[in-house]
Amino acid sequence: MKILVMGSVALDTVQAPTGSVKDAVGGSAYYFAHGARSLASTAMVSVVGQDFPEQELRDMDELGIDRTGLKVSEGKTFRWEGRYLEDMNVRETLGTELNVLQDFVPFVPEHLRRSRLVFLANMGPETQSAVLEQTKKPWFTACDSMNLWIQHHQDRLLELLRKVDMFFLNDEEARMLTQKTCLVSAGKAVRELGPKWVILKRGEHGSMLFGGGPPFLLPAYPTERVKDPTGAGDSFAGGCLGYLAWRGSVSEEALRLLWLWEVSWLPSRSRSSAPGD
Ligand code: AMP
């Protein structure tokens, strides 16, 4: 079952208590695709500039990621810069250079329009909707978002939420979107906005699933070695949808099993020069 992801492909500069890295390849679609590709055939729609490392494109080919929808445009690749505080659950964005993302109009190549699963990774809700409109009867759709869109493009985001099956967001975003402090109430309120399934990400505290029966909670894999959490949410979504594609069904039981299953399957991935290396 083919998965189509649309999102950013970026060069990230990250500062963390463990060290720092400049222009590391990242982006929401990049991380998602790497999380999903070992479980299901994965294709990407995005854009990079001419400064994007050729070797990274070849690496994607070698990993079997279909990048026919990844456009190489004149100009510079999207750049994001962030800093993690001592508590690495807390991150601040230091800067964003949109570059080729500024005028990006997503185009889904003909052979990808019938992809069964569609993931709209973090991008403006208008761009996410434009991709959904080009696809033909996907079996399952999911999206991610961020505080920027919740604060400044909420109407477009709410429009999108009425059309997707699953929404991934973190605790802070859920509280911002629903104005509810209690996470159980916030998760339920997000479901009322449209998605049948809501996955609330809580960093080192694990995640919560809303949909079907009562909320289901899963702790995170316990580890003391966190170097750089950038892309953790996107990789997690990649693992989730990769599993659903592999299994070929979505039910509360399948999703509950996913948590147990994913812990032992998370693809190991490392940045070429991760902070702390
Ligand atoms: P995550 O840690 O899962 O929230 O994802 C971090 C990734 O999102 C980084 O690799 C960034 O390049 C990318 N990113 C940050 N801000 C944006 C944005 N406004 N639009 C799209 N992607 C972004």
Side-chain angles (χ1 to χ4, degrees), residues 5-16 20-36 44-49 51-53 56 60 70 76-85 87-104 106 119-131 142-153 156-157 160 167-174 176 199-204 207 220 226-241 266-267 269-275:
V5 54
M6 188 284 300
S8 60
V9 175
L11 293 175
D12 293 336
T13 295
V14 179
Q15 297 171 23
S20 56
V21 65
K22 187 170 165 45
D23 287 346
V25 175
S28 55
Y30 177 87
Y31 282 117
F32 176 92
H34 283 74
M44 180 191 286
V45 167
S46 190
V47 64
V48 291
D51 56 350
F52 192 77
E56 287 292 339
M60 285 189 225
L70 175 66
K76 284 167 75 180
T77 302
F78 167 64
R79 277 169 169 76
W80 172 80
E81 184 171 354
R83 177 170 60 203
Y84 292 91
L85 305 190
D87 169 2
M88 282 210 265
N89 288 306
V90 186
R91 167 171 91 186
E92 41 184 58
T93 290
L94 300 177
T96 313
E97 273 178 46
L98 286 178
N99 299 326
V100 292
L101 266 195
Q102 179 88 52
D103 305 312
F104 176 55
F119 184 66
L120 307 164
N122 181 20
M123 283 283 247
E126 228 162 288
T127 312
Q128 291 174 308
S129 292
V131 168
C143 75
D144 189 6
S145 196
M146 70 184 292
N147 50 8
L148 177 71
W149 316 119
I150 295 173
Q151 279 169 325
H152 302 296
H153 294 260
R156 300 311 298 262
L157 176 63
L160 175 72
F167 183 30
F168 291 81
L169 74 174
N170 67 31
D171 39 12
E172 183 200 329
E173 292 157 355
M176 188 185 280
I199 293 183
L200 224 152
K201 298 170 288 179
R202 305 195 54 223
E204 68 173 308
S207 54
V226 177
K227 281 194 199 167
D228 176 3
T230 308
D234 303 307
S235 311
F236 174 70
C240 289
L241 290 211
L266 270 178
R269 89 187 51 77
S270 59
R271 287 168 177 277
S272 46
S273 51

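Just so you know, these numbers use all the heavy atoms, side chains as well, and skip hydrogens, waters and symmetry mates. These numbers come from a predicted model, not from an experiment. Just follow the structure's listing: the first ligand is 1, and inside any ligand the first atom is 1. Counting from 1, the numbers follow the sequence of the chain as shown.
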query: With a 4.0 Å cut-off on heavy atoms, does Arg79 reach ligand 1?
result: no
message: Is there a polar contact, in the sense of an N or O pair closer than 3.5 Å, between Arg91 and ligand 1?
response: yes
query: Which of the listed options, Ser8, Gly82, Pro229, holds the heavy atom that is closest to atom 22 (N) of ligand 1?
result: Ser8
field: Distance-only side-chain donor-acceptor flag, Asp234 / Ser28, under 3.5 Å
entry: no
message: Main chain of Asp144, side chain of Gln128: is a donor-acceptor contact present, judged purely on distance under 3.5 Å?
response: yes
query: Short question: side chain of Ser46, backbone of Gly7 - any donor-acceptor pair under 3.5 Å?
result: yes
- prompt: Run the side chain to side chain contact (heavy atoms under 4.5 Å, CB included) check on Asp23 and Arg79 step by step: do they pass?
  reply: CA-CA 8 Å; Asp23 287 346; Arg79 277 169 169 76; 3.5 Å; yes
message: Out of all atoms in ligand 1, which are within 4.0 Å of some heavy atom of Gly27? Include the element for each.
response: 9 (C), 10 (O), 12 (O)
task: Assess Phe236 for proximity to ligand 1: is some non-hydrogen atom of it under 4.0 Å away?
output: no
message: Quick check against the 3.5 Å criterion: does Asn147 have a side-chain atom that pairs as donor or acceptor with the backbone of Glu173?
response: no
- prompt: Under 4.0 angstrom from ligand 1, any heavy atom of Thr96?
  reply: no
field: Proximal ligand 1 atoms for Met146, defined as those under 4.0 Å from one of its heavy atoms
entry: 18 (C), 19 (N)
- request: Classify the angle between the aromatic ring planes of His34 and Tyr30 as parallel (below 30°), tilted (30 to 60°) or perpendicular (above 60°).
  value: tilted
field: Per-residue contact class, Tyr30 against ligand 1 - non-hydrogen pairs under 4.0 Å
entry: neither
field: Contacting atoms of ligand 1, where contact means under 4.0 angstrom from a heavy atom of Ala10
entry: 12 (O)
query: Numbering the atoms of ligand 1 from 1, which are under 4.0 Å from a heavy atom of Asp12?
result: 9 (C), 10 (O), 11 (C), 12 (O)
- request: Say whether, by atom type as modelled, one donor and one acceptor occur between the side chain of Asn122 and the main chain of Ser8 under 3.5 angstrom.
  value: no
- request: Say whether Tyr84, considering both its backbone and side-chain N or O atoms, lies within less than 3.5 Å of an N or O atom on ligand 1.
  value: no
message: Return the NZ to CG distance between Lys76 and Asn99, rounded to the nearest 0.5 Å.
response: 5.5 Å
query: Heavy atom of Tyr31 under 4.0 Å from ligand 1?
result: yes
query: Per the side-chain hydrogen bond (donor to acceptor under 3.5 Å, both in side chains) rule, which among Thr13, Thr96, Thr230, Thr93 passes with Trp80?
result: Thr93
Closest to atom 6 (C) of ligand 1 (judged by heavy-atom distance), picking from Gly231, Ser28, Gly26: Gly231
query: Would you say ligand 1 has an N or O under 3.5 Å from any N or O of Trp149?
result: no
- line: Within 4.0 Å of some non-hydrogen atom of Thr230, the atoms of ligand 1 are 2 (O), 6 (C), 9 (C), 10 (O)
Residues Glu172 and Asn170: side-chain donor-acceptor under 3.5 angstrom: no
